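By convention in this document, chain letters (A, B, ...) are assigned in the order of the sequence lines, proteins followed by strands, and residues within each chain are numbered from 1. What you see is a predicted model, and the numbers here were worked out from it, not measured in a lab.
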Number of protein chains: 2
Amino acid sequence: MPERLPTLDEQIAIYQREYRDLDPQVEKVVNALSRLDRRMNVAYGRQLATLGLTSPEWEVLKELVMAGSPYQLWPGTIAKRLGLTPAAMTHRIDRMLTQSLVTREPDPDNRVRVIIGLTDTGREKWLEVMRKASVFEEELLQDLSSPERGQLGELLTRLLRRVEDAQPDAGGRLTDLD
Amino acid sequence: MPERLPTLDEQIAIYQREYRDLDPQVEKVVNALSRLDRRMNVAYGRQLATLGLTSPEWEVLKELVMAGSPYQLWPGTIAKRLGLTPAAMTHRIDRMLTQSLVTREPDPDNRVRVIIGLTDTGREKWLEVMRKASVFEEELLQDLSSPERGQLGELLTRLLRRVEDAQPDAGGRLTDLD
DNA sequence: TGTGTAGTCTTTAGCATCGAACTTTAGCTT
DNA sequence: AAGCTAAAGTTCGATGCTAAAGACTACACA
């Protein structure tokens with residue numbers, strides 16, 4: 001009974017025994033991506049915890065900063081980008097309000113809308129996380145030379161372009177399903 | 001008030017305005033990874049739904065197949081790999097039992113342990129998902145030549161090696177935190 | 001101007017997950 | 001052997017999420 005996580009190559013070898021037509025090259029890329037993201041999130045989670053933040057809160061802060069000055073978005077927009085229901089967004093904002101990370105004001109242009117804004121506290125928190133995160137990120141990439149880093153970024157960007165064009169708001173579809 | 005998701009490069013430009021010491025090359029890699037994983041999961045989720053599977057169930061099936069014949073693991077092992085608490089694992093297995101995707105038997109060698117096994121139904125489901133997923137994966141990578149795919153796989157593997165060595169069971173730490 | 005329709009956010013009920021306490025067993029230690 | 005410690009998995013209470021329904025607003029069209 002194996003305790004140890006199979007290496008990526010072991011995983012793919014087994015997958016190929018189960019499904020002969022599998023393309024090992026493609027599978028390697030896709031599974032490496034997914035494994036990396038899991039590990040990165042574990043690492044981020046640790047750093048967030050030391051700063052008294054949860055990962056849901058962090059996601060929202062990122063979106064608001066990413067929006068640029070004046071750091072405002074509608075709840076529905078954030079929800080769509082994060083793949084959440086509007087209901088979840090309502091409650092997340094509620095929680096973040098109690099910590100003064102964000103504000104919620106009525107939209108003067110449309111009374112059924114609401115504007116979520118980033119507070120200075122929220123912006124500060126974002127910065128603290130980034131400072132810690134960048135240490136981890138540098139460590140993660142330390143085995144890659146600068147040209148390799150650039151190349152990796154470029155290759156990933158090309159993948160991303162395809163999938164983001166196909167799912168503009170995460171609502172499109174890349175393949176026909178039925 | 002922006003509705004549109006900033007492109008990766010826009011995002012990084014804004015981040016740099018907020019945090020001047022940020023390394024754009026590193027940030028590009030890390031954020032592309034995270035964006036890609038989100039999109040991939042959306043796509044997988046769709047395909048799973050058409051096969052009557054949920055993503056939590058899919059995760060467990062993957063681990064059992066990955067273990068190789070005879071497709072058996074302890075609940076605690078699966079939980080650790082998926083980053084779940086043992087409690088969550090118990091309930092997941094309960095649900096999967098009702099669909100005959102897995103079995104739960106006492107471990108003959110240690111009466112406090114339990115063995116989760118993959119059923120033929122579960123193995124079939126895994127195969128169905130993989131067949132659909134490989135279509136999507138091929139489409140995702142279609143803009144990359146075969147050497148580029150190999151290169152991307154190799155670069156990602158090097159990152160993965162570093163982080164998996166540092167967090168052997170997702171319990172280690174890559175950076176000192178306090 | 002009135003009405004229908006679509007869209008935005010909130011409320012509610014049900015469910016999955018977490019953290020923590022608990023039960024049972026295995027393996028030491030003396 | 002007997003007791004101590006560590007480990008595995010289940011149970012329990014609390015929290016965040018989803019899906020669906022509801023309240024309200026804006027816009028199009030007659």
Side-chain angles (χ1 to χ4, degrees), chain A residues 1-4 38 41-42 45-46 48-49 52-61 63 72-99 101-117 169-171, chain B residues 1-3 38 41-42 45-46 48-49 52-61 63-64 72-99 101-117 169-171:
Chain A
M1 189 91 52
E3 271 275 25
R4 187 186 110 263
R38 183 187 298 283
N41 287 333
V42 169
R46 282 196 226 290
L48 291 172
L53 269 184
T54 65
S55 218
E57 289 159 357
W58 168 240
E59 290 181 334
V60 174
L61 290 184
E63 290 300 330
Q72 294 181 335
L73 287 171
W74 292 304
T77 304
I78 308 177
K80 235 175 266 173
R81 294 193 191 163
L82 300 182
L84 295 176
T85 61
M89 207 57 229
T90 298
H91 297 311
R92 257 190 208 191
I93 299 299
D94 286 344
R95 276 173 273 146
M96 295 180 74
L97 279 173
T98 68
Q99 306 172 56
L101 295 170
V102 298
T103 57
R104 170 159 48 194
E105 309 164 20
D107 184 336
D109 296 339
N110 185 332
R111 286 190 297 172
V112 78
R113 288 195 178 214
V114 159
I115 296 181
I116 307 303
D169 58 343
Chain B
M1 187 89 56
E3 271 277 20
R38 183 186 298 281
N41 287 333
V42 170
R46 280 198 228 290
L48 291 172
L53 269 184
T54 66
S55 226
E57 290 158 357
W58 168 241
E59 289 180 335
V60 174
L61 290 184
E63 291 299 332
L64 284 169
Q72 294 181 336
L73 287 172
W74 293 303
T77 304
I78 308 177
K80 237 176 264 172
R81 294 192 191 164
L82 299 181
L84 297 176
T85 61
M89 206 57 227
T90 298
H91 297 311
R92 261 194 205 188
I93 298 299
D94 285 344
R95 277 173 271 146
M96 295 180 75
L97 279 173
T98 69
Q99 307 173 56
L101 294 170
V102 297
T103 58
R104 172 159 48 194
E105 309 164 19
D107 184 336
D109 295 339
N110 184 330
R111 287 191 298 172
V112 79
R113 287 195 181 228
V114 158
I115 295 181
I116 307 303
D169 57 343

[atom2] on [Y] to [atom1] on [X], rounded to 0.5 Å:
{"X": "B/M96", "Y": "B/I116", "atom1": "CE", "atom2": "CD1", "answer": "9.5 Å"}
{"X": "A/E3", "Y": "B/T77", "atom1": "CD", "atom2": "OG1", "answer": "4.0 Å"}
{"X": "A/L101", "Y": "A/R95", "atom1": "CG", "atom2": "CZ", "answer": "11.5 Å"}

Most 5' of A/R111 and A/H91 on DNA chain D, judged by nearest nucleotide: A/H91

Do nucleotides 2-10 of chain C as a string where each nucleotide becomes B, S or -: B if the base has a protein heavy atom under 4.0 Å, S if just the sugar-phosphate does, - if no protein is that close. -----BBSB

Span of DNA chain D engaged by chain B, first through last nucleotide within the 4.0 Å heavy-atom cut-off, is D/dA8 to D/dT11

Has [X] got a side-chain atom pairing as donor or acceptor with [Y]'s backbone, closer than 3.5 angstrom?
{"X": "A/R38", "Y": "B/L82", "result": "yes"}
{"X": "B/R81", "Y": "A/R4", "result": "yes"}
{"X": "A/R92", "Y": "A/P56", "result": "yes"}

Closest approach of B/A79 and B/T85, non-hydrogen atoms and distance? CB-O, 4.2 Å

Of the options C/dC18, C/dT17, C/dT11, whose atoms approach the side-chain atoms of B/T85 most closely? C/dC18

Mind checking A/A88 for me? I need base, sugar-phosphate or nothing, with any heavy atom below 4.0 Å counting as a touch. base

Would you sort out whether A/H91 and A/L84 count as a side chain to side chain contact (heavy atoms under 4.5 Å, CB included), showing the intermediate values? CA-CA 11 Å; A/H91 297 311; A/L84 295 176; over 6 Å; no

